[in-house]
Amino acid sequence: MSSAPYNYNYIFKYIIIGDMGVGKSCLLHQFTEKKFMANCPHTIGVEFGTRIIEVDDKKIKLQIWDTAGQERFRAVTRSYYRGAAGALMVYDITRRSTYNHLSSWLTDTRNLTNPNTVIFLIGNKSDLESTREVTYEEAKEFADENGLMFLEASAMSGQNVEEAFLETARKIYQNIQEGRLDLNASESGVQHRPSQPGRTSLTNEAPNTKDQCSC
Amino acid sequence: MSLARVPQLRIVQRDLKCRQGCGFYGNAQFDGLCSKCFRERNDKRKKAEQNALPPVANSPNTSGTSTAGRLSPQNLLGRVPNKRQDSMPEISTGTLTKKKSLVPAVFQKTLQSNTLKSKKLKQDGHLGQRAYVPDPTESQFMLQLRQLRIPDDGKRKLKSEIQRLDNAIRSYMNNSANKNVDELSEMVQNAYTKLADIVHNDQRFQIATNEDRESAIDFFEKVVMTQNHKFLFSPYFTLDEENDVKIQKRIRQLSWITAKHLVCSIDEVNAESRDLVYNAITELVGIDSYYSPQEKLECTVRCCRHIFELLKHSVGGPASADEFLPALIFVVLKANPVRLHSNVNFVTRFTNASRLMSGEGGYYFTNLCCAISFIENLNGESLGISEEEFDLLMSGDKAFSTPWESALLACEGLHLISENMKRMESLKKRNSSIATGIENFRKDLEEFQREITDKVDACIAKAPLTILPIKTPSHLISKARAHLANGSDIGLATAESVGHYSANLIAAISADGNTNKESTKNTLPLVKNSTNQIIDILEDASHTLALKDTSTTSIGRLSPLPPAQPNIDLQFASPIFNYTPFDAISLLEDHSDSTDDYLINTNLRGGLTNVNYDFDLSDHSGENSVTEDLKLNLEEFDPLAQKPTAESDLQATEQNGSTVERSLLDSDSPTNGTLLPSPLKPTVTDYRGFSSFEIPSISCNTGDFASLNHSVNESEITIRTTSTVIENSKAN
């Protein structure tokens, strides 16, 4: 009953934020299902998805919370910022207004997450080059000014989607390795899972030695 | 560990702000501080920690009572957590390390020191440097525990029971090789039963009422569940999470379902009912953000109440269960609540079973479970559409549009519009306020202007610029009258004897004494005989002449009366003005003093020169004052003037004498007789003569007088001219 689902060392909690219709759910879907979801209904409140990735030979389970972009649900979605290790801030390169709202999203993120939360800026719909309204350079500059990681991606083609999620995970992992992220802080957004012996010392001590075999 | 504050769906802005008041948003995770303030505080604490540690190492025994004293305010540090650590050391280690950075150095001191607490602390000796700092949740629970209205013994018992279950759960999670969530559930349920038994039967709870007992049980459940939410919610050894993703995906695929498919009476297009649906959705979505099963249930209840209200709107009366379930399904489909399975399972497994068996919460929760199972199992048949269509719609191959979707989109659009309209409104308000401000300012200015003009008008009205005729001092008038009366008599005689000007003078001067008159009435020889007298008179005249001379040199202002007259002339330049009064006055005043004639002339000249600038109105104010001045001058002047004149007496007499003589010679002519009124007439003619012709002649006269002592010829000429004038006037 219980082998595959929890064969991982860490759980990272991500949130995806951004204006309505920038393709948050599609990015998530592309990442978790590796296919583009046409006809994606509007997200109400929050949805979530998971996928296990590998960073430095460590299995990491990404628990990704996809939030509703609509202003009406912001009150609901705000409660999900809490304890996020990574925040993917998405805008639509073909709609300037979504880019203009980034600062308010960033403010929300900065205020509602812990200081070590990795914020990754994604310019989605990079396949729609012909209707581009926000240049790469401009967004890159914004990202640099605010200390964000940045990529342009396309949920449609899948370009850069993996990279964005993986880069974020790498950065978080790096933070853990460098001791910047306190794993035991209740809202670090990272959980250490007792799937492997020796890895467990941070969470639980003696009892876990018995827990070598997860089967 | 879980958070103290269960996130509310509606949070007041103030609550979100940093406690430091820096204006940024705070975070419960950072003790209500914003990230920056939190980091700063942490750094400070770390520093303090580092500073505090060495002295402890040096003198471990000193910290005994003092540290205990310092600890006491933090009750939780001292009392409760220690107990917890006693009972479940291995668990606390996990949680303890989390808060290591926050541990005050003080507490570490107590851990190290072998004082009163050492016994207790020894038991968790393996903790070593690790110390325990309570979660904000725990402190809140401690507060709540203290507020429970049960005996202290009961509280203690309750606490120990909580710790026991806590301990059991954690040890199960850590130890059991083959974990089964059902075992865990059973364990928890058993604990609930046991606690209920204790609460209702134990000696220590006897005083408490039934209500308090229930609240104690509730408290127990809430605390244990919140503390262990992390372990019990969607345990990794269950398939909850997978199911969550599954149903989430399915609901997403079912997004084409409308109220019609469900035979549900919700009006999707109606904005009002849509708002109610949103309220229900918000509650449903919020279930996941609560920790304890009770709170999740309460959330469900609130959601269902919204649905009933919604149905009341749509149906027009109280809704039945037949209407309720489809509506709930619809709401669940539209809400797509996150981790639906996990939440439902968490509540089913770990809430007090009795809670689900009864009450509103139990009913609604059962309905929710039904809705979920319906959603999981629905097919085309259950929606009243063909299987093929259902599959097409599910796969997303068939395009669809639901009123709900469009409403959602429109809703967002409308939301934006309304937001913009709100902004516009506020701008408009500001604009209008500015406009009214401007208007007010304009009004103020106008009013101010009006006020000023009013004030000025009032001032003008209060003190109008009226030009008053000069008041001649009454004593002068009376004097003048007397002179007038006399003068007419005397005039002739003197005029006969002397040149009419000197005669005038003499007449004027002698006006006072009748003796003089009589003497002058006599013929020329008589006059000659009485030259002594005349000389005396002339001396007087010369006195006044001398006086006049000085006065004229000082532009005639010092002279007593005359300046007033020319002024009047100037003022009433037009004959219409005060013509007669002036005339009378001038006539009178001519006689008031023997020198008047002369003075008039001289001053007329002065007056003429003044014409140009004296016309200024401002001078009129000085009218009266001038006369007053003159009076003063008269008084002051006379005594002063007499001294110098006394010296010049001789000269004056000589000169006058000569003139008198010459004039006497001239006055031989019979015209002298007609010269009698001469003292009066010249002024009259003068007056008339203010028309430009006569002025030169007058000025000539005065000029003669000014140079009277030197040139006789001129005086003769003037005499002639005046006499001719008099003749003319007589003829008239």
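Reminder, nothing fancy here: chain letters follow the sequence lines and each chain counts from 1.
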Strictly distance-based, threshold 3.5 Å: is any side-chain N or O of Glu47(A) a donor or acceptor partner for the main-chain N or O of Val338(B)?
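No; zero donor-acceptor contacts below 3.5 Å.
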
Between [atom1] on residue [X] and [atom2] on residue [Y], distance to nearest 0.5 Å:
X         : Y         : atom1 : atom2 : result
Phe48(A)  : Asp288(B) : CZ    : CG    : 8.5 Å
Ser289(B) : Arg78(A)  : OG    : CZ    : 14.0 Å
Thr43(A)  : Arg252(B) : OG1   : CZ    : 6.5 Å

Of the backbone (N, CA, C, O) and the side chain (C-beta and beyond), which part of Tyr80(A) lies under 4.5 Å from a heavy atom of chain B, both, or neither?
side chain

Taking atom CE as the centre, does Met156(A) end up with more than 12 heavy-atom neighbours from other residues, nucleotides or ligands that are less than 6.0 angstrom away?
no

On a heavy-atom basis, the closest approach of Val285(B) and Val46(A) is CG1-N, 4.4 Å

